[in-house]
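Residue numbering restarts at 1 for every chain, and letters A, B, ... go by the order of the sequence lines. Side chains are part of it too, since the values below use all heavy atoms of this structure and drop only hydrogens, waters and symmetry mates.
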Amino acid sequence: MPLQIFNVLGREKQLFEPLEEGRVGMYVCGPTVYDHAHLGHAKTYVAFDTIVRYLRYSGYDVLYVQNITDVGHLLDTGEDRILKKARQIQAVPMQIVETYTRSYFEDMDALHVVRPDISPRASGHVPEQIKMIEELIASGHAYVVDGSVYFDVSTAPEYGKLSNRKIDAQQAGWREGVNTDKRNPEDFALWKKAEPEHIMRWDSPWGEGFPGWHIECSAMARKYLGPTFDIHGGGIDNLFPHNECEIAQSESANGAPFARYWVLTGSLQVSDADGIPVKMSKSLGNFVTVKDALKQYRPEVIRFFIQTSHYAGPVIYSNDSMTSARGGWERIYHAVRLTEQMMNSAPEGDDGNAFLERLEQARAAFGAAMDDDFNTPKALATLQELTRDVNNLLNSDATVGLSVLQAIHETYDNLAGDVLGIMPQNGVTPMTDGDREAGLIELLIELRAKARAEKNYAESDRIRDALAELGVVLEDRPDGTIWRTV
RNA sequence: GGCGUCGUGGCCGAGUGGUGAGGCAGAGGUCUGCAAAACCUUUUACGCGGGUUCGAUUCCCGCCGACGCCUCCA
């Protein structure tokens, strides 16, 4: 079955047909780098990582662009986020940007998030933004007031089509006294005049200033993906005004449709003191940083947790749900470890090759689930069902030949590893630390086997307990002992 | 108030007009020096009220409730 995607623009599941056959241009709104990433960011970017991985697994040549916002994102006090942070810790703004950009990539790398092909920074694309603003002024979509430039929403008749908002109905929300430069309250800034104390400033045809928040995505998407491209992603919380403004700017400036499919992710929530779920966010202070979460759970478990619910829905983070995710992930992981260790001593040949059909069926079921709007929970269910059958096979008396074990392993490698990114990355280079460690563990297992054969259980348990302390779990099976890390 | 998403068993979480997805937790069993793992069996479901239908958890209407956005957030 071909891939179907729920397009927020139109709010329906649609057959995915890229602009150019076999290629996908994709833009995802990235983070504002003024602090460490938290699990809410992880949910969004793991979700899009999974989508990109699946598109590539399906044979698409994906160009994935995800911006870094390092200028222009203002607080409601009119203060720039980056500048505020810089003042707090007495640093130069670009120092902040650099620190947290590195931190962001460090976290995403740890979570096995494949890096975007291009990670453009807003501050590095000011000329492109200025150019687009000039085009908008020339075509009558924007106007200059005292060194600032605003987009005239009344010139974009389709404004509101993504978020289903009608301009006239929103008047009530306008607060008196704010941004009185604007002709209409719903107009938004493309360029802001820099007050003397504003350090981040650039020359422009309208004097020194800095770009508005929305224009960066429009300018950078156009630069790297062209006026029209396939998929635009982001968190649902940016639906309005950010995404809506992007569309208005881009389509007005380019005279062409902007993104064809809009894919937005639901928010990560946390229960408050009364047990009511609320969004995890910086401003509420109820966040868990990715770095802290990684101290408690391995990256595969965090990914698995995120993938147990559909990307578009909300997810409630709690210790219980994480523990449950860990249990579910371990079941799959144990089967993979069992397969790997049986491969070490399996007979050559294809005994048990009737199982190959089951593997094909698993791939088909997994693909069908993912083709249905990237339904990762359903895809995981197909892996769990496969795992039950794999366990039954490997624990039976039947002989399983090496080629069949390899086929099983490859199936997990492709589906759980390549697509979902939930298999530990095992180094295949010879004599890595990992290999040395594996050799030492196996040596200890041999010593323990000798002790067990002599019924010296005190000694065998001592070895097992000591290894457990170090995070290596042993499991005795009729045909020997297997191990895995926790 | 406006726009939107959603309400599934102890918990998490898919899905469908008519055979109880899957996982976690619980109970019993098999296996085992112990442990662990695995497998088998097993217990609780579809917010409330109407309507359409032979039949609705699934479609329609209303209500209630939760969350998100409308002002910075992935």
Original post:
With a non-hydrogen cut-off below 4.0 angstrom, is E330(A) in contact with a base, only sugar-phosphate, or nothing?
Top reply: nothing

Original post:
Where the side chain of Q269(A) is defined as all heavy atoms beyond and including C-beta, which of A36(B), G68(B), G4(B) is the nearest nucleotide?
Top reply: G68(B)

**OP:** Could you go through the side-chain hydrogen bond (donor to acceptor under 3.5 Å, both in side chains) check for E246(A) and H232(A) one step at a time?
**Re:** CA-CA 11 Å; E246(A) 276 182 76; H232(A) 191 306; 2.6 Å; yes

**OP:** Check whether the side chains of E442(A) and W483(A) place a donor and an acceptor atom closer than 3.5 Å, and report yes or no.
**Re:** yes

Subject >> Exercise: do S103(A) and K291(A) side chains pair donor with acceptor under 3.5 Å >> reply: yes

Original post:
Nearest nucleotide by nearest heavy atom, which residue falls closer to the 5' end of RNA chain B, D389(A) or T323(A)?
Top reply: T323(A)

**OP:** Indicate, with a heavy-atom threshold strictly under 4.0 Å, whether G160(A) touches base, sugar-phosphate, or nothing.
**Re:** nothing

Original post:
What integer distance in Å separates W262(A):CH2 from A74(B):C1'?
Top reply: 14 Å

**OP:** Give the rounded distance in Å between these two atoms: CE of M322(A) and C1' of C24(B).
**Re:** 13 Å

Under 3.5 Å, which N/O atoms of the protein pair with N/O atoms of nucleotides 11-15 of chain B?
from: G13(B); atom 1: O3'; to: T308(A); atom 2: O; distance (Å): 3.4
from: A14(B); atom 1: OP1; to: H310(A); atom 2: N; distance (Å): 2.8
from: A14(B); atom 1: O3'; to: N375(A); atom 2: ND2; distance (Å): 3.2
from: G15(B); atom 1: OP1; to: N375(A); atom 2: ND2; distance (Å): 3.3

Original post:
Among residues 444-463 of chain A, which residues get a heavy atom nearer than 4.0 Å to RNA chain B?
Top reply: R448(A), R452(A), Y457(A), S460(A), D461(A)

Subject >> Residues forming a side-chain contact (heavy atoms from CB on, under 4.5 Å) with L294(A), sequence neighbours excluded >> reply: A110(A), L111(A), V290(A), P299(A), I302(A)

**OP:** With heavy atoms under 4.0 Å as the rule, sort R337(A) into base, sugar-phosphate or nothing.
**Re:** nothing

Original post:
Are the ring centres of Y104(A) and Y45(A) closer than 6.0 Å?
Top reply: yes

Original post:
Does the C31(B) base have a donor-acceptor partner in the side chain of R477(A) within less than 3.5 Å?
Top reply: no

Original post:
What distance, rounded to whole Å, do you find between the two P atoms, one in U58(B) and one in G51(B)?
Top reply: 14 Å

Subject >> Aromatic ring proximity Y100(A)/Y34(A), centre distance under 6.0 Å >> reply: no

Original post:
Does a salt bridge link R452(A) with E459(A), judged by any charged N lying under 4.0 Å from a carboxylate O?
Top reply: no

Original post:
Is there a Watson-Crick or G-U wobble partner for G26(B) with both distances under 3.5 Å, and which nucleotide is it?
Top reply: U42(B)

Original post:
Base, sugar-phosphate, or nothing: which does V28(A) touch, judged by heavy atoms less than 4.0 Å apart?
Top reply: nothing

**OP:** Report yes if at least one side-chain N or O of N395(A) is closer than 4.0 Å to OP1 or OP2 of C39(B); otherwise report no.
**Re:** no

**OP:** Could you measure between the two C1' atoms, the one in G65(B) and the one in G47(B), and give it in whole Å?
**Re:** 8 Å

Subject >> Pairwise P distance for A21(B) and A27(B), with rounding to whole Å >> reply: 24 Å

**OP:** Identify whether the distance between the nearest side-chain nitrogen and carboxylate oxygen of R358(A) and D389(A) falls below 4.0 Å.
**Re:** yes

**OP:** Find which nucleotide of RNA chain B each of G327(A) and Y34(A) is nearest to by heavy atoms, and output the residue with the more 5' nucleotide.
**Re:** G327(A)

Subject >> Aromatic ring proximity, centroids under 6.0 angstrom, Y224(A) and H125(A) >> reply: yes

